[in-house]
Peer 1: 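Here it is, the structure, as structure tokens.
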Amino acid sequence: MPCGGRLHCLLALCCCACSAARRALRPREAAALRAAAGRGGDGERAQVAAEINSRPGVLWRAGVSPRFSGLPLGASEALCGAVRTPRGGALQRAPSRRAPRAGAAPAPERFDAAEAWPQCARVIGNVRDQSGCGCCFAFAVAGTAADRLCIATEGSVAVQLSEEELCFCTTARSHGCDGGSMAEAWGFVRDRGLSTGGPYARNSSSGHRSGYCKAYSLPPCYHHADAARRTDGSLASCPEKHAASPSCPVRCDPEAQAPYDDFENARYRFRGHVMFFIGFGGEVDEIAQQMMAHGPVQTSLKVHSAFEMYISGIYHRLEEETFLGWHAVKMVGWGTENGTKYWRVQNSWNSHWGEDGYFRILKGVNECEIESDVIATHGDAVWSGPGASEDAQLRSRQKSRAITRGR
């Protein structure tokens with residue numbers, strides 16, 4: 001018999017008296033949850049986390065993440081701004097290709113893109129922070145594009161691309177902090193190109209050390225994180241949600257340096273196709289083969305109410321969770337733990353969330369529809385921009401073809 005209260009109002013999780021044996025919390029987790037319950041605004045999160053962690057059969061651990069500490073449950077809804085790719089009809093204005101549906105060889109048990117391309121590990125492993133803005137689509141696309149640019153050029157172009165420009169300058173179906181189309185964001189990169197970018201730089205000690213063109217203008221989110229966990233103790237926490245989107249940038253920041261300081265000309269674009277895995281999942285080996293050949297892919301998933309409290313483990317939706325929105329992310333690898341297959345995915349909620357900015361999710365069952373809207377550059381893509389050598393890209397494509405043919 002459920003005992004009412006705020007707990008099940010938001011997650012619909014029951015605090016029923018259960019005769020089944022419940023899994024005990026680890027001592028460190030229990031201490032953290034007790035401490036969280038004493039902080040203003042986090043007691044409810046601690047209650048929900050304790051309920052999740054006590055359930056038998058749950059493959060992941062919940063907790064009070066510094067990213068959402070002090071915010072109401074469901075705060076991640078404002079960050080879920082992915083507009084899914086249309087099913088059928090014209091996917092976008094320029095050429096696109098649906099990925100092959102059959103013929104891929106079985107994938108190995110484990111793969112990690114940063115290990116496969118160590119010369120691009122810094123780019124691939126760059127965990128971003130979208131602030132309190134629903135720009136996930138821009139972060140996932142810009143991050144995946146930067147990875148594939150680096151891999152295609154054999155590491156000779158290892159840059160970060162501008163989420164600021166991609167979020168606030170794209171087409172009619174994109175609305176800045178209110179979300180946007182992933183497919184159209186890819187079309188923007190291909191047709192108009194994208195300037196280089198970087199993290200929020202104001203009052204930052206690192207700032208524009210890279211010399212890139214356009215830094216992200218919204219502050220990172222360190223809600224109630226202690227100074228030791230902050231990259232810059234002088235930065236204020238981001239708001240729960242930004243009231244308005246910044247305007248589309250038209251020039252580089254003053255700190256930008258050559259060869260990236262020319263907003264109109266120092267841009268990275270590709271010619272070729274955008275590849276889509278669109279459907280109802282079931283293309284796991286094809287997705288894996290493309291990742292092994294060309295690098296990470298961008299995807300999206302249904303975010304439910306407890307996902308923001310993910311700390312570690314292999315995420316799967318709990319039956320009582322409520323749907324908050326679609327969220328775009330970057331898939332970087334896969335593996336197996338205790339016989340359970342998972343995807344490893346990079347989020348854009350900073351490195352203080354989840355497993356250092358990543359999460360793992362069930363693989364092969366289209367969990368939260370994560371396997372049904374996967375997008376990336378096709379293997380025929382050729383990049384242009386400062387330092388993008390076509391000779392290096394030709395060598396890279398030859399290696400990729402050998403992988404896709406199973407040699």
Side-chain angles (χ1 to χ4, degrees), residues 9-13 44-45 48 52 60 62 65 67-68 71-87 127-144 163 166-168 170-186 218 221 223 238-245 278 280-281 297-310 315-331 343 345-350 353-354 357-362 366-375:
C9 293
L10 288 168
L11 289 189
L13 289 171
E44 192 168 52
R45 287 185 178 276
V48 174
I52 293 171
W60 56 282
S65 167
R67 171 60 183 82
F68 293 101
L71 297 180
L73 281 165
S76 61
E77 181 175 9
L79 309 181
C80 299
V83 175
R84 298 268 282 180
T85 307
R87 302 303 194 263
V127 176
R128 296 160 172 82
D129 190 331
Q130 66 186 83
S131 189
C133 176
C135 258
C136 59
F137 72 100
F139 278 75
V141 173
T144 304
E163 302 94 350
L166 194 56
C167 184
F168 305 121
T170 44
T171 58
R173 294 186 68 219
S174 296
H175 307 285
C177 284
D178 291 325
S181 165
M182 300 173 291
E184 291 190 5
W186 279 107
L218 303 180
C221 297
H223 294 289
C238 74
E240 181 180 337
K241 181 179 180 180
H242 287 281
S245 297
I278 301 172
F280 302 97
V297 294
Q298 173 258 304
T299 188
S300 61
L301 75 156
K302 281 183 170 180
V303 165
H304 296 86
S305 46
F307 180 69
E308 65 191 49
M309 293 191 297
Y310 170 89
Y315 178 78
H316 51 91
R317 185 200 166 200
L318 305 179
E319 185 178 350
E320 300 89 344
E321 289 187 73
T322 45
F323 172 66
L324 298 181
W326 290 99
H327 184 52
V329 289
K330 183 177 80 173
M331 194 180 289
W343 295 109
V345 187
Q346 187 187 93
N347 204 349
S348 51
W349 293 351
N350 76 40
W353 179 88
Y358 293 80
F359 66 96
R360 290 177 289 156
I361 187 170
L362 289 177
N366 200 23
E367 185 70 16
C368 299
E369 298 198 31
I370 197 165
E371 295 158 5
S372 64
D373 195 6
V374 177
I375 314 176

Peer 1: Can you name the side chain to side chain contact (heavy atoms under 4.5 Å, CB included) partners of E77, sequence neighbours left out?
Peer 2: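 Counting only residues at least two positions away or on another chain, E77 forms a side chain to side chain contact (heavy atoms under 4.5 Å, CB included) with L324.
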Peer 1: Residues two or more places apart in sequence or in another chain: which of them pass disulfide (SG to SG under 2.5 Å) with C136?
Peer 2: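 Result, disulfide (SG to SG under 2.5 Å) vs C136: none returned.
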Peer 1: side-chain hydrogen bond (donor to acceptor under 3.5 Å, both in side chains) for S372 and R84? Distances and angles first, verdict last.
Peer 2: CA-CA 10 Å; S372 64; R84 298 268 282 180; 2.8 Å; yes
Peer 1: Answer whether the closest heavy-atom distance between the side chains of Y315 and V345 falls below 4.5 Å.
Peer 2: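 Result no, sub-4.5 Å side-chain heavy-atom pair not found.
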Peer 1: Name all residues meeting the ring-ring contact (aromatic ring centres under 6.0 Å, His included) criterion together with F139; count only those two or more places apart in sequence or in a different chain, and write none if there are none.
Peer 2: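 Counting only residues at least two positions away or on another chain, F139 forms a ring-ring contact (aromatic ring centres under 6.0 Å, His included) with Y216.
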Peer 1: Evaluate H316 against I361 for side chain to side chain contact (heavy atoms under 4.5 Å, CB included), listing each step before the verdict.
Peer 2: CA-CA 6 Å; H316 51 91; I361 187 170; over 6 Å; no
Peer 1: Test side chain to side chain contact (heavy atoms under 4.5 Å, CB included) on R45 and L73 and set out the steps.
Peer 2: CA-CA 7 Å; R45 287 185 178 276; L73 281 165; 3.8 Å; yes
Peer 1: Measuring from H304:NE2 to T322:OG1, what's the distance to the nearest 0.5 Å?
Peer 2: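 Those atoms lie 8.0 Å apart.
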Peer 1: Residues two or more places apart in sequence or in another chain: which of them pass ring-ring contact (aromatic ring centres under 6.0 Å, His included) with Y310?
Peer 2: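 With sequence neighbours excluded, Y310 shows a ring-ring contact (aromatic ring centres under 6.0 Å, His included) to W353, given in chain and number order.
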Peer 1: Taking side-chain hydrogen bond (donor to acceptor under 3.5 Å, both in side chains) as the definition, give me every residue that meets it alongside T299, ordered by chain and number, with sequence neighbours left out.
Peer 2: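 Counting only residues at least two positions away or on another chain, T299 forms no side-chain hydrogen bond (donor to acceptor under 3.5 Å, both in side chains).
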Peer 1: Report yes if some heavy atom in the side chain of R128 is under 4.5 Å from a heavy atom in the side chain of Q346; otherwise report no.
Peer 2: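 R128 vs Q346: side chains touch.
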Peer 1: Please report the interatomic distance OG(S131) to CG(N350), rounded to the nearest 0.5 Å.
Peer 2: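 So the OG of S131 and the CG of N350 are separated by 10.0 Å.
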Peer 1: Please confirm whether the ring centroid of F307 lies under 6.0 Å from the ring centroid of W349.
Peer 2: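 Aromatic pair counts; centres sit under 6.0 Å.
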Peer 1: Can you name the residues that form a side-chain hydrogen bond (donor to acceptor under 3.5 Å, both in side chains) with Q298, not counting sequence neighbours?
Peer 2: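 Q298 satisfies side-chain hydrogen bond (donor to acceptor under 3.5 Å, both in side chains) with W186 once adjacent residues are dropped.
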Peer 1: Roughly how far apart are E367 CD and L362 CG, rounded to 0.5 Å?
Peer 2: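 With rounding to 0.5 Å, CD (E367) is 5.0 Å from CG (L362).
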Peer 1: Give the minimum heavy-atom separation between E371 and W343, together with the two atoms involved.
Peer 2: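 E371 and W343 have their closest heavy atoms at OE2-NE1, 2.8 Å.
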Peer 1: So do the side chains of Q130 and F137 get within less than 4.5 Å of each other, counting heavy atoms only?
Peer 2: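 No; the side chains remain at least 4.5 Å from each other.
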Peer 1: Give a yes/no on whether the SG-to-SG distance for C133 versus C177 is below 2.5 Å.
Peer 2: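 A disulfide, yes.
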Peer 1: Please identify each residue that fulfils salt bridge (charged side-chain N to carboxylate O under 4.0 Å, His left out) with R360, with sequence neighbours left out.
Peer 2: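 Salt bridge (charged side-chain N to carboxylate O under 4.0 Å, His left out) check on R360 returns E337, E355.
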Peer 1: Could you tell me whether the side chain of E321 reaches within less than 4.5 Å of the side chain of L318, counting heavy atoms only?
Peer 2: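 They are in side-chain contact.
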Peer 1: Should E308 and R67 count as an ion pair when the cut-off is N to O under 4.0 Å?
Peer 2: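 Between R67 and E308 there is no salt bridge, as every charged N stays at least 4.0 Å from the carboxylate O atoms.
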Peer 1: Once rounded to the nearest 0.5 Å, what's the spacing between atom SG of C135 and atom CG of L218?
Peer 2: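 Between atom SG of C135 and atom CG of L218 there are 7.5 Å.
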Peer 1: Which atoms form the tightest heavy-atom contact between A185 and L166, and what is the distance?
Peer 2: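 Shortest heavy-atom contact: O-CD1, 3.7 Å.
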Peer 1: Between R317 (side chain only) and F323 (backbone N and O only), is there a donor and an acceptor less than 3.5 Å apart?
Peer 2: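 Pair absent, no side-chain N/O of R317 close to backbone of F323.
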Peer 1: Give the intermediate values and the outcome of side chain to side chain contact (heavy atoms under 4.5 Å, CB included) for residues H327 and S300.
Peer 2: CA-CA 5 Å; H327 184 52; S300 61; over 6 Å; no
Peer 1: Side-chain contact, heavy-atom cut-off 4.5 Å: I370 with M331?
Peer 2: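 They are in contact (side-chain heavy atoms under 4.5 Å apart), so the answer is yes.
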Peer 1: I need the minimum non-hydrogen distance between K330 and G143, along with the two atoms involved.
Peer 2: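 Looking at all heavy atoms of both residues, the shortest contact is CD-C, 3.9 Å.
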Peer 1: Quick one: does D129's side chain have a donor or acceptor within less than 3.5 Å of a partner on C221's backbone?
Peer 2: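 Here the side-chain-to-backbone pair exists.
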Peer 1: Looking at side-chain heavy atoms only, is the closest gap between V303 and C368 below 4.5 Å?
Peer 2: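 Side-chain contact under 4.5 Å: no.
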Peer 1: Any non-hydrogen side-chain atom of L301 less than 4.5 Å from a side-chain atom of F359?
Peer 2: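 With C-beta onward as the side chain, the pair touches.
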